[in-house]
Amino acid sequence: MIEEHDERETICDSVNSLVEGCRLPVRMPSTDDWPLAEIISLKEMRGAKFYYVHFVDFNKRLDGWVTEECLDTRKVQYPRKDGTGPGTGSATPKKQVPSRPPSLTPSNSEPVNGSAAAQAAIQLQQKKLSRKRKGTFMDNEDSQEAPAPPPPPPAPVAGQPTTGPRPTGSLVAHHHDDVVTRMKNIELIELGRHRIKPWYFSPYPQEMVNLPCIYICEFCLTYRKSRKCLERHLVKCNLRHPPGNEIYRKGSISFFEIDGRKNKNYAQNLCLLAKLFLDHKTLCYDTDPFLFYVMTDFDSRGFHIVGYFSKEKESTEDYNVACILTLPPYQRKGYGKLLIEFSYELSKFEGKTGSPEKPLSDLGLLSYRSYWAHTILDILLNVKPLVENEKAQITINEICELTSIKKEDVISTLQNLNLINYYKGQYIVTLNRDIIEQHSAAMAKRSIRIDPKCLHWTPKDWSVRAKW
């Protein structure tokens with residue numbers, strides 16, 4: 001009896017000593033696994049303690065609040081006083097090098113999280129991000145409900161409440177990771193007929209953060225606090241499709257092109273929505289240099305957003321995609337590859353090769369690798385020999401011209417598939433039966449493809465335009 005009491009006391013003391021930055025085994029929800037996790041934040045509600053944890057080596061979309069029962073306090077790694085070693089409170093995954101410099105300009109508003117750690121993190125971030133920069137922005141559109149707002153004030157740091165007009169919802173390569181932005185702040189959203197649990201932090205206005213659900217108009221993407229407010233909005237909202245030019249339609253699938261300068265309100269809302277499901281990008285400022293291509297599925301009620309990608313009007317590094325997302329209800333149905341295929345179809349019309357901006361999300365990288373592999377294999381399997389009874393020949397440059405895939409991506413794909421071999425002083429591509437069978441099976445599953453005949457679009461030369 002005495003020994004059991006002492007053991008319980010020890011465990012209780014360990015729980016009470018847990019602080020932000022500690023690492024310990026935590027039971028993953030809906031499983032019996034106990035992977036190592038880092039405590040990001042703590043809170044107390046109705047006499048019970050809750051811990052926001054990040055599972056080390058797992059994607060952040062699995063992060064969330066857990067109770068004491070989910071913690072194994074026998075193996076706690078406490079943060080060191082010098083800020084090094086396990087559990088320092090920094091991001092667990094290695095940070096990616098941003099493809100472009102950061103463009104956030106901090107505001108003087110109070111941080112969302114009132115803890116000392118959060119304040120210190122944001123103050124440090126404000127010092128680091130004090131310089132402004134131009135042209136690193138992303139999706140923008142203007143709903144027909146209200147005119148485009150005037151040029152906004154300095155953009156707030158992601159994670160801080162806005163005290164004036166909202167920032168434009170631009171997404172750029174992720175470059176910082178503080179206590180606030182590491183925690184999901186939205187419980188649930190309702191978009192059309194779908195209720196979706198967000199994966200990541202998104203800097204919606206503070207008055208929306210503590211609601212049980214945010215209600216979003218699926219046509220103009222305006223957000224409301226309650227279903228009744230959304231119903232009142234829908235009476236006045238005259239949009240039934242994204243506010244841009246429809247440049248593609250086949251069957252029920254359409255693509256709309258949206259100019260980031262002309263349609264700011266819509267793009268702000270689009271990027272806030274997208275940030276809920278993209279962790280490798282961060283919201284910042286000014287969407288004028290970007291175009292946005294929204295894919296929709298049409299029915300009797302209107303054009304419902306499935307996903308989108310954005311691209312710079314002028315890219316010095318030949319990026320044909322800045323950010324890409326298929327909304328969770330439409331994932332694993334082939335729409336992601338359709339978005340990628342459409343982006344390369346635009347590149348073909350432009351007569352260029354292109355590549356997505358890095359870093360890609362884990363799901364985005366898988367989709368791109370799969371698309372590159374199937375597209376390149378399709379070319380290799382259908383190439384004809386110049387002379388009868390001789391082996392077919394094709395160069396890397398010819399593959400690039402036929403697919404608009406950038407040379408580096410073609411080479412890396414062939415290497416990942418182990419198709420390149422060195423033979424008699426030259427590199428050759430060899431296809432084995434297993435690769436061919438796997439490719440045929442995968443292509444048979446792709447029921448929806450882009451039909452170039454249905455694309456009605458003329459690329460613009462943005463370099464000769466005085467203004468966007």
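- Of all the heavy atoms in I405 and Y344, the pair that sits closest is CA-CE2, 3.7 Å.
- Contact detail for L24 and D72: the closest heavy-atom pair is CD1-O, 3.5 Å.
- Scanning both residues, D409 and S355, for their nearest heavy atoms gives OD2-OG, 2.7 Å.
- Rounding to the nearest 0.5 Å gives a distance of 12.0 Å between OG of S367 and CG of L338.
- Across every non-hydrogen atom of L234 and C217, the tightest pair is CD2-SG, 3.8 Å.
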Discussion item. side-chain contact (heavy atoms from CB on, under 4.5 Å), that's the test. Do E246 and H241 meet it? Break it down for me.
Written reply: CA-CA 9 Å; E246 185 180 13; H241 60 75; over 6 Å; no
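- Heavy atoms from other residues, nucleotides or ligands lying under 6.0 Å from NZ of K75 number 12 at most.
- The backbone N or O of R301 sits less than 3.5 Å from a side-chain atom of D299, completing a donor-acceptor pair.
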Item to complete: Please lay out, stage by stage, how F50 and L42 fare under the test side-chain contact (heavy atoms from CB on, under 4.5 Å).
Response: CA-CA 6 Å; F50 293 86; L42 300 86; over 6 Å; no
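- Nearest heavy-atom pair across D63 and F55 is OD1-N, 3.7 Å.
- Looking at N416, its side chain does come within 3.5 Å of a backbone N or O of S412 through a donor-acceptor pair.
- Atom CD of E408 is surrounded by more than 12 heavy atoms from other residues, nucleotides or ligands within 6.0 Å.
- In this structure a side-chain-to-backbone donor-acceptor pair under 3.5 Å is missing from D378 to H374.
- Side-chain atoms of L291 and E257, non-hydrogen and from C-beta on, do get closer than 4.5 Å to each other.
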Fill in: Stepwise ring pair (Phe, Tyr, Trp, His ring centres under 6.0 Å) test for F349 and H456
CA-CA 10 Å; F349 269 62; H456 304 283; 9.3 Å; no
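- The backbone N or O of K352 lies less than 3.5 Å from a partner atom in the side chain of S404, making a donor-acceptor pair.
- How far CG of N59 is from CG of L363: 7.0 Å, rounded to the nearest 0.5 Å.
- Between the NZ atom in K337 and the OG atom in S370 there is a gap of 3.0 Å [rounded to 0.5 Å].
- A distance of 9.5 Å separates CG in L36 from NE2 in H54, rounded to the nearest 0.5 Å.
- Between Y248 and F256, the ring centre distance reaches or exceeds 6.0 Å.
- Side-chain contact between I214 and R224 is absent, with no heavy-atom pair separated by less than 4.5 Å.
- Under the 4.0 Å criterion applied to side-chain N and carboxylate O atoms, R182 and D279 are not assigned as salt-bridge partners.
- There is no side-chain donor-acceptor pair under 3.5 Å between S315 and E317.
- L211 CG to Y223 OH: the interatomic distance, rounded to the nearest 0.5 Å, is 11.5 Å.
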Item to complete: Would you check, one step at a time, whether the test side-chain contact (heavy atoms from CB on, under 4.5 Å) holds for I196 with L188?
Response: CA-CA 6 Å; I196 312 170; L188 198 66; 5.9 Å; no
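- Only one option out of F342, F298, Y308, W457 pairs with F255 in a ring-ring contact (aromatic ring centres under 6.0 Å, His included); it is F342.
- Ring planes of H304 and F219: tilted class, angle from 30 to 60°.
- A donor-acceptor pair shorter than 3.5 Å can be found between the side chains of Y215 and R195.
- Side-chain atoms of E218 and R240, non-hydrogen and from C-beta on, never get closer than 4.5 Å to each other.
- Atoms NE2 and CG, on H439 and D434 in that order, are 14.5 Å from each other to the nearest 0.5 Å.
- More than 12 non-hydrogen atoms from other residues, nucleotides or ligands lie less than 6.0 angstrom from CD of E398.
- By the 4.5 Å heavy-atom criterion applied to side chains, T430 and I420 are not counted as neighbours.
- The side chain to side chain contact (heavy atoms under 4.5 Å, CB included) test with E345 singles out one residue from I450, N320, I340, and that residue is I450.
- In this structure the side chain of Y200 never reaches within 4.5 angstrom of the side chain of N185, judged on heavy atoms.
- Side-chain N or O atoms of K275 include one that pairs as donor or acceptor with a backbone N or O of F201 at under 3.5 Å.
- The residues K333 and D297 are annotated as not salt-bridged, no charged nitrogen and carboxylate oxygen being separated by less than 4.0 angstrom.
- Side-chain contact between T353 and V410 is absent, with no heavy atoms from C-beta onward closer than 4.5 Å.
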Item to complete: I would like to know whether Y51 and E20 meet side-chain contact (heavy atoms from CB on, under 4.5 Å); could you show each step before the answer?
Response: CA-CA 9 Å; Y51 304 82; E20 294 174 0; over 6 Å; no
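- We find that E401 and K348 are not joined by a salt bridge, their nearest charged nitrogen and carboxylate oxygen being 4.0 Å or further apart.
- For the pair K60 and W199, the cation does not sit on the ring face, since its NZ or CZ is not both under 6.0 Å from the ring centre and inside 45° of the axis.
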Item to complete: For the pair K49 and E68, evaluate salt bridge (charged side-chain N to carboxylate O under 4.0 Å, His left out) and give the outcome as yes or no after the intermediate values.
Response: CA-CA 7 Å; K49 281 189 175 181; E68 294 179 10; 5.7 Å; no
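- Each of L327, L339, T326 was checked for a side chain to side chain contact (heavy atoms under 4.5 Å, CB included) with M295, and the lone residue meeting it is L339.
- Taking 4.5 Å as the limit, some side-chain heavy atom of D259 sits within range of a side-chain heavy atom of K313.
- Scanning all heavy atoms of the two residues, the minimum distance from S41 to W65 falls at O-CZ3, 3.8 Å.
- Using a 4.0 Å cut-off between charged nitrogen and carboxylate oxygen, E350 and K311 count as a salt-bridge pair.
- Ring-plane geometry between Y293 and F309 is classed as parallel, the angle between the planes falling under 30 degrees on a 0 to 90 degree scale with a further cut at 60.
- Inter-residue side-chain proximity for I216 and N269 is flagged as unmet; no heavy-atom pair is nearer than 4.5 Å.
- Between D288 and the options R261, K262, K264, a side-chain hydrogen bond (donor to acceptor under 3.5 Å, both in side chains) holds for only K264.
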